[in-house]
Each structure stands twice: as C-alpha cells, then as structure tokens.
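One structure is given below, encoded as structure tokens.
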Amino acid sequence: MFKNYRTVVALLLFFAGILNYLDRAALSVMAPLVKQDLHIDDAQMGILFSCFFIGYCLFCFLGGWAADRYGPRKVFGWAAAIWSLFCGATAMAGSFAHLLVVRVLFGIGEGPMGTTTNKSISNWFPRQEVGRAVGFTNAGQPLGAAIAAPVVGLVGLQFGWRVAFVVIAALGFVWLAFWLWLFRDRPEQHPRVSEAERTLIAAQRPATRVTKTGDSHQVPLWHYVLSLPVLGVAAAFFCFNYIQFFFLSWLPSYLTDFQHLDIKSMSLIGILPWLGATIGFIGGGIVSDALFRRTGNFLLSRKLVIFTGLAVAAICVMLTAWASSVTLAVSLITLASVFAYMTPQACWSLLQDIVPAERIGTAGGFVHLLANLAGILSPAITGFLIQYGGGYSSAFLLASVLALTGMVLLALFVRERSVNMLRSLA
C-alpha cells in the first residue's frame, strides 16, 4: 500500500514524455547524416519533419476520444507500442519516400500522448495539484529533447544513425512493460492506492457535471469544443507549438549550418535550450498553482502564466534573428524556451477548469489537434524560408509574431464571462 501512489503515476508519465520527445527529436539530431546518406535537401527535410504531424494531429483527437471511452491505460499502451515500432522502422528507410511513410505512421503512434497524459492527470490528481502535476509530467518532454542531442548524436556518430533509432525504440518497449504493470485508469481500481489517497483525490476533483435529466453526456460535445474559451486555449497552444516545433525540428541544423558547429559540439550545446524548457515546464506549474492559492481565481492564474511566457518568448525569439554569435543565440533561445514552456501546462490545466471531467479527453484531443497543426506548418514553412525566403532570420521573426498573436487571441476568447456561460451548460 502506497501513501502517495500518484507519485508513481507522475513518474510513469514523466518518463513517457522523455521517450516521446527523444524519439521525436532523433531525426532532427541526425538530420545532417540522414540528408547526406539519402541525398535529401533542406526543403525535403522540412517536409519530413512536417509529415509526422499528419498522423499525429488526427490521433490527438481520436486518442483523446478513445481515452474517454476505453481509458488511458489501453490507449497509451497501444500508442507506445506503435510509436516505438515505427521509430525502429526508421532505421530501414532507404529513400525520401520510404522515410515519409514511416514518419506518418510514427506520428499516428505519438498522437494520443498529450491528451491521454492530461486524461490520466484528470483521473489521478486533486485540483490543487493539477498545475504542478501537468508541469512535472510534461517536463519530461523537453528533457527528452535535451537528452536526444548527446545520446542520439553520440550513438549516431559512433555506430551510424540507423542504430540510434533501434536503440531508442527498444527503450520505448521497456517503458511499455512498466506502464501495463503499474498503471490503472483510476485510483479506485488500483490495489496499491490507500483509502486516504482515494478519498483525497475524489474530494478535490471537480464534480461530474450532470444535467437535470441525470445524463452527463446530454450536452453535445461540440458545445464545448467549438466554444470561444476552448478555441482561445487552442490558439495559444498553437502559437506555442509553432515555436516548439521550429526549435525541435531546426535547432540542430541552425547550430551546424548557420552557427557552424560540428555535430559533436552541437550535441552538447543543443542541450541547453531543452534544459531551459524543462525548468519552464516545472516552474510554470509551481507558479500557476501559487497564483491560484493567492488569488483564488483558477482562470486568472493560468492566463497570467500564458501571457508572461509567450511575451518573453516572443521578444527573445525576435532578438535571435539578429544574433551574430553562437553564445548570444543559444542564450536567447534558452531564455525563450524557459518562458515559452510555461505555456502548455497552463493551457492543459486551464482546459480542465473549462470542460467537464467526463469530456476532457475528447475536448483535449480536439485542442491538441488544432494546436499541432503547427507541427505540419512550422517545420515545412521554416524549411522553405531557409532555402528560398531569407534564411533563418525570417523564420525567427515569423515565430515571434505568432507568439504575440497567441497572447491576443487568448485575451479575446478566454474571458470570465464566456467561461461561466460554458460552465452553465452542464
């Protein structure tokens, strides 16, 4: 019997995030070797980065719906098996077309990850811990991107880029075994959860919103997912994601091609922005929960964190466009990562306050689908800007403008009045 078994759940989700982004960032780190081996140019590489999100976006929504219907344990289990399988299959790619297909299938496996994580947190954590839980569990994602640089880079240089993909795929299957062994959909289903912890979680989670007829699903889902508050959260998330996937896809190439670092140096220096992002994820969760305790206003506490994160990130990304030295560029990108990564955990926890618990998987999947359209657009647009439209400077400026746009849309759409109107539906 565990006094605080939700810590085990948080650790499982944390390591899932590490593996998810380690797998995802591997192609970015190995891009110089893959381009040389398969004779791929920058524009084609941008398409490869983007095609991952074709399957990913669709299964963000389907994965969230499935998590509501079948539970996060099964959905995350199948997702981890699929993404690990096709991460390993990357090692067999012999052409641009082959790699294109593998990346789409790989994206399908990773699609349910974000929404299923949020569903798991919604089931397992009391309301007062949501910010910290989302921040900690999602902090594994940039940490995985940080680890990708030295681990994938050094393995790839020593044994070849194909071996690197096989190694990280094997790690995914190891995590899957622990997930199926240790996780259950709800605290009351797990024999290792104490009665005191079950009572704590149940007492402090938002009550299921039930209509007068007693049917918690009578209000159509589309009343929630197409509402202005939910779309406002999706817009802020989209603008953050544009920056995230710009860095995730193109930062290694920027450091090697524009700042003229070799792959070994890039693998070490490239860790810094992702360590900053990890700090942002955890710090943002702590700050948002502290603001909630101080103000008693869940909506305001989350919005303040998002505004601050996007504002500072926009300024830093804009200044990077004119950075002439690698030290200044990496410093600005790292600071941008610290503040930008305060945004997603606030978006996830804000969504839990807007949407009923029984709808959070599907609604979160819809938000994640819209937000991850940035994953299709950002890498491909950046690739074309690098090759045909003014280089990296124009790519940094566009990312900065989008961060500011996210602040404006959040302010316009996510207001106390509109959120209260949405809550009154239930």
Side-chain angles (χ1 to χ4, degrees), residues 135 138-139 141-142 145-146 232-255 258-259 269-288 290-291 300-347 350 371 374-375 377-379 381-382 385-386 389-414:
N138 284 277
Q141 298 171 16
V233 173
F237 211 149
F238 174 94
C239 294
F240 157 75
N241 268 351
Y242 190 94
I243 296 175
Q244 175 183 218
F245 296 129
F246 170 35
F247 287 169
L248 193 65
S249 300
W250 286 103
L251 182 57
S253 295
Y254 168 75
L255 293 175
F258 189 82
Q259 295 294 347
I269 293 175
I271 296 174
L272 297 176
W274 302 114
L275 292 179
T278 304
I279 293 171
F281 254 135
I282 297 174
I286 295 171
V287 169
S288 61
L291 286 171
L300 177 63
S301 65
R302 270 53 185 177
K303 287 178 67 175
L304 283 174
V305 170
I306 296 171
F307 282 143
T308 303
L310 289 177
V312 176
I315 294 169
C316 292
V317 171
M318 183 179 296
L319 292 175
T320 307
W322 293 286
S324 56
S325 70
V326 65
T327 301
L328 179 59
V330 172
S331 297
L332 287 169
I333 291 171
T334 300
L335 186 60
S337 297
V338 171
F339 281 89
Y341 275 79
M342 295 170 67
T343 301
Q345 58 80 19
C347 287
L350 182 58
L377 297 174
S378 179
I381 290 174
T382 302
L385 285 175
I386 292 169
Y392 282 99
S393 295
S394 58
F396 279 108
L397 289 173
L398 177 58
S400 176
V401 169
L402 283 171
L404 295 173
T405 302
M407 295 171 56
V408 173
L409 293 175
L410 186 75
L412 290 175
F413 291 171
V414 186

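Keep in mind that the numbers below use all heavy atoms, side chains included, and drop hydrogens, waters and symmetry copies.
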Pairs under 3.5 angstrom only: tabulate donor-acceptor contacts from the side chains of residues 321-335 to other protein residues two or more places apart or in another chain.
unit_1: S325; atom_1: OG; unit_2: L328; atom_2: N; d: 3.2
unit_1: S331; atom_1: OG; unit_2: T327; atom_2: O; d: 2.7
unit_1: T334; atom_1: OG1; unit_2: V330; atom_2: O; d: 2.7

[atom1]-[atom2] distance between [X] and [Y], expressed to the nearest 0.5 angstrom:
| X | Y | atom1 | atom2 | result |
| --- | --- | --- | --- | --- |
| L310 | F240 | CG | CZ | 9.0 Å |
| Q259 | Y392 | CD | OH | 10.0 Å |
| F245 | T382 | CZ | OG1 | 12.0 Å |
| I279 | L275 | CD1 | CG | 7.0 Å |
| F258 | L251 | CZ | CG | 13.0 Å |
| I386 | S253 | CD1 | OG | 7.0 Å |

Would you be so kind as to tabulate the donor-acceptor pairs closer than 3.5 Å made by side chains of residues 394-407, with sequence neighbours excluded?
unit_1: S394; atom_1: OG; unit_2: G389; atom_2: O; d: 3.1
unit_1: S394; atom_1: OG; unit_2: G391; atom_2: O; d: 2.8
unit_1: S400; atom_1: OG; unit_2: A314; atom_2: O; d: 2.7
unit_1: T405; atom_1: OG1; unit_2: V401; atom_2: O; d: 2.9

TODO: For side-chain contact (heavy atoms from CB on, under 4.5 Å), just list the numbers for Q141 and W274, CA-CA rounded to whole Å, side-chain angles, deciding distance to a tenth of an Å, and then say yes or no.
DONE: CA-CA 9 Å; Q141 298 171 16; W274 302 114; over 6 Å; no
I'd like to check [X] versus [Y] (side-chain heavy atoms, cut-off strictly below 4.5 Å). Are they in contact?
| X | Y | answer |
| --- | --- | --- |
| F413 | V408 | no |
| I306 | M342 | no |
| F339 | C316 | no |
| F281 | P142 | yes |

Task: Y254-F247 aromatic ring centre distance below 6.0 Å - done: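 That pair fails the under 6.0 Å test.
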- [ ] Look only at the side chain of R302 and the backbone of C347, and say whether a donor-acceptor pair between them is shorter than 3.5 Å.
- [x] no
- [ ] Keeping the roles fixed (side chain from K303, backbone from V414), state whether a donor-acceptor pair exists under 3.5 Å.
- [x]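 At least one qualifying donor-acceptor pair exists.
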Task: Verdict with supporting geometry, F307 and L410, side-chain contact (heavy atoms from CB on, under 4.5 Å) - done: CA-CA 8 Å; F307 282 143; L410 186 75; 4.0 Å; yes
TODO: Decide side-chain contact (heavy atoms from CB on, under 4.5 Å) for V305 and Q345; before the verdict, give the C-alpha distance in whole Å, the side-chain angles of both, and the deciding distance to 0.1 Å.
DONE: CA-CA 9 Å; V305 170; Q345 58 80 19; 3.8 Å; yes
TODO: Please assess N241 against S378 for the test side-chain contact (heavy atoms from CB on, under 4.5 Å), listing each intermediate value before the final yes or no.
DONE: CA-CA 8 Å; N241 268 351; S378 179; over 6 Å; no
TODO: Hey, could you give me each pair passing salt bridge (charged side-chain N to carboxylate O under 4.0 Å, His left out) that has a residue in residues 308-318? Not counting sequence neighbours.
DONE: none
